[in-house]
Amino acid sequence: MDAVAVRIEGRGTPESAWERCAWLDALPLVEADTVLLGARRLIVVSPHPDDEVLGCGGLMQAAAAQGCGVQVVSVTDGEACYPDHPRWTPARLRDARRRELAAAMQALGMDATHVTSLGLPDGAVARHEADLVAHLRTCVSPGDVVLAPWIHDAHPDHEAVGRAALAAAALCGARSLQYPVWAWHWLDALASTGPWTTAQRIALCPDAQARKRQAMAVFATQTGEGEALGCEPILPEHVLARFRRSFEVLIG
């Protein structure tokens with residue numbers, strides 16, 4: 001197993017440690033309006049269905065409520081999350097995860113028309129990074145805010161999507177920000193300083209938190225709810241706890 005995969009093995013940093021993290025608590029706390037000021041659209045580039053909800057489901061709600069266009073570019077269908085599973089084959093997962101994403105968007109107050117699914121191969125986005133940049137250049141415009149995973153998130157698909165989004169936003173004259181997902185698993189909550197020179201916490205009101213939790217719960221293939229998986233889910237309770245906060249973090 002390579003070094004990247006090792007960093008997101010095991011249970012990782014518990015949310016109880018993040019609740020006591022001095023450098024996280026010191027990040028500026030701002031309202032969503034600050035991030036969305038002057039934005040024409042919010043374009044959220046997501047490696048797998050669920051990353052967009054985990055990373056910025058609250059900000060997506062705020063954008064939609066303000067009349068700011070929201071578009072999710074779902075890069076893969078997450079079909080490789082349970083390799084060699086006898087029941088959850090890639091074809092079945094591809095269909096299930098697209099349905100889950102559509103339902104999650106409804107929980108956030110939007111619908112499937114806000115999603116563009118590209119169907120790139122799960123686990124191999126880096127091999128198609130140039131194609132992803134080319135696609136994003138066709139849909140990103142000046143005045144857009146482009147959100148994508150942190151380029152050092154320690155998942156190869158996340159990092160490739162983050163790089164592609166940064167490149168496309170720069171070429172199109174759009175503003176770009178990044179959201180951490182797996183970084184919360186392996187970063188050190190006890191470190192004296194955080195890993196980002198510029199980052200902020202986006203405050204979520206109780207209603208936004210509740211809607212985000214509903215949207216996260218929709219991803220039954222990842223949480224293990226519903227039909228028994230017969231294996232450890234991708235998003236067990238201790239992972240979900242990191243995304244039930246009263247804020248979201250954006251880098252940049």
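The figures that follow rest on heavy atoms only: side chains count, while hydrogens, waters and symmetry mates do not.
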query: Is the Lys NZ or Arg CZ of Arg7 less than 6.0 Å from the centre of Trp186's six-membered ring, within 45° of the axis?
result: yes

Do any N or O atoms from the side chain of [X] and from the backbone of [Y] form a donor-acceptor pair under 3.5 angstrom?
{"X": "Glu248", "Y": "Gly58", "value": "yes"}
{"X": "Thr223", "Y": "Ala217", "value": "no"}
{"X": "Arg41", "Y": "Cys68", "value": "no"}
{"X": "Ser117", "Y": "Gly119", "value": "no"}
{"X": "Glu15", "Y": "His238", "value": "no"}
{"X": "Thr13", "Y": "Leu187", "value": "yes"}
{"X": "Asp77", "Y": "Glu79", "value": "no"}
{"X": "Asp153", "Y": "Glu159", "value": "no"}

task: Start with the C-alpha distance between Val145 and Leu36, add both sets of side-chain angles, then the distance that settles side-chain contact (heavy atoms from CB on, under 4.5 Å), and finish with yes or no.
output: CA-CA 8 Å; Val145 177; Leu36 298 170; 5.7 Å; no

- request: Name all residues meeting the ring-ring contact (aromatic ring centres under 6.0 Å, His included) criterion together with His185; count only those two or more places apart in sequence or in a different chain, and write none if there are none.
  value: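 Once residues adjacent in sequence are excluded, the partners of His185 under the ring-ring contact (aromatic ring centres under 6.0 Å, His included) criterion are Trp182.
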
Carboxylate-amine/guanidinium contact [X] [Y], below 4.0 Å:
{"X": "Glu237", "Y": "Arg244", "result": "yes"}
{"X": "Arg99", "Y": "Asp95", "result": "no"}
{"X": "Arg175", "Y": "Asp144", "result": "no"}
{"X": "Arg97", "Y": "Asp50", "result": "yes"}

Aromatic plane relationship, Trp23 with Trp196 - under 30° parallel, 30 to 60° tilted, over 60° perpendicular: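 Perpendicular: the ring planes of Trp196 and Trp23 meet at over 60°.
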
- prompt: Same hydrophobic cluster for Val72 and Val218, using side-chain heavy-atom links shorter than 4.5 Å among ILVMFWY?
  reply: no

query: Are Val35 and Leu54 grouped together when hydrophobic residues (ILVMFWY) are joined by side-chain heavy atoms under 4.5 angstrom apart?
result: yes

message: Around atom CZ of Arg40, are there more than 12 heavy atoms from other residues, nucleotides or ligands closer than 6.0 Å?
response: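 Yes, the 6.0 Å shell around CZ holds more than 12 heavy atoms from other groups.
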
Taking atom types as modelled, find out whether [X] and [Y] have a side-chain donor-acceptor pair closer than 3.5 angstrom.
{"X": "Thr116", "Y": "Gln71", "result": "yes"}
{"X": "Asp33", "Y": "Gln66", "result": "yes"}
{"X": "Glu100", "Y": "Thr221", "result": "yes"}

What's the shortest heavy-atom distance between [X] and [Y], and which atoms?
{"X": "Glu31", "Y": "Ala203", "result": "OE2-CB, 4.0 Å"}
{"X": "Val146", "Y": "Ala165", "result": "CG1-CB, 4.0 Å"}
{"X": "Leu132", "Y": "Ala164", "result": "CD2-CB, 3.6 Å"}
{"X": "Val75", "Y": "Val45", "result": "CG2-CG1, 3.7 Å"}

task: Mind running side-chain contact (heavy atoms from CB on, under 4.5 Å) on Glu52 and Leu147 for me, showing each step along the way?
output: CA-CA 9 Å; Glu52 65 294 302; Leu147 302 185; over 6 Å; no

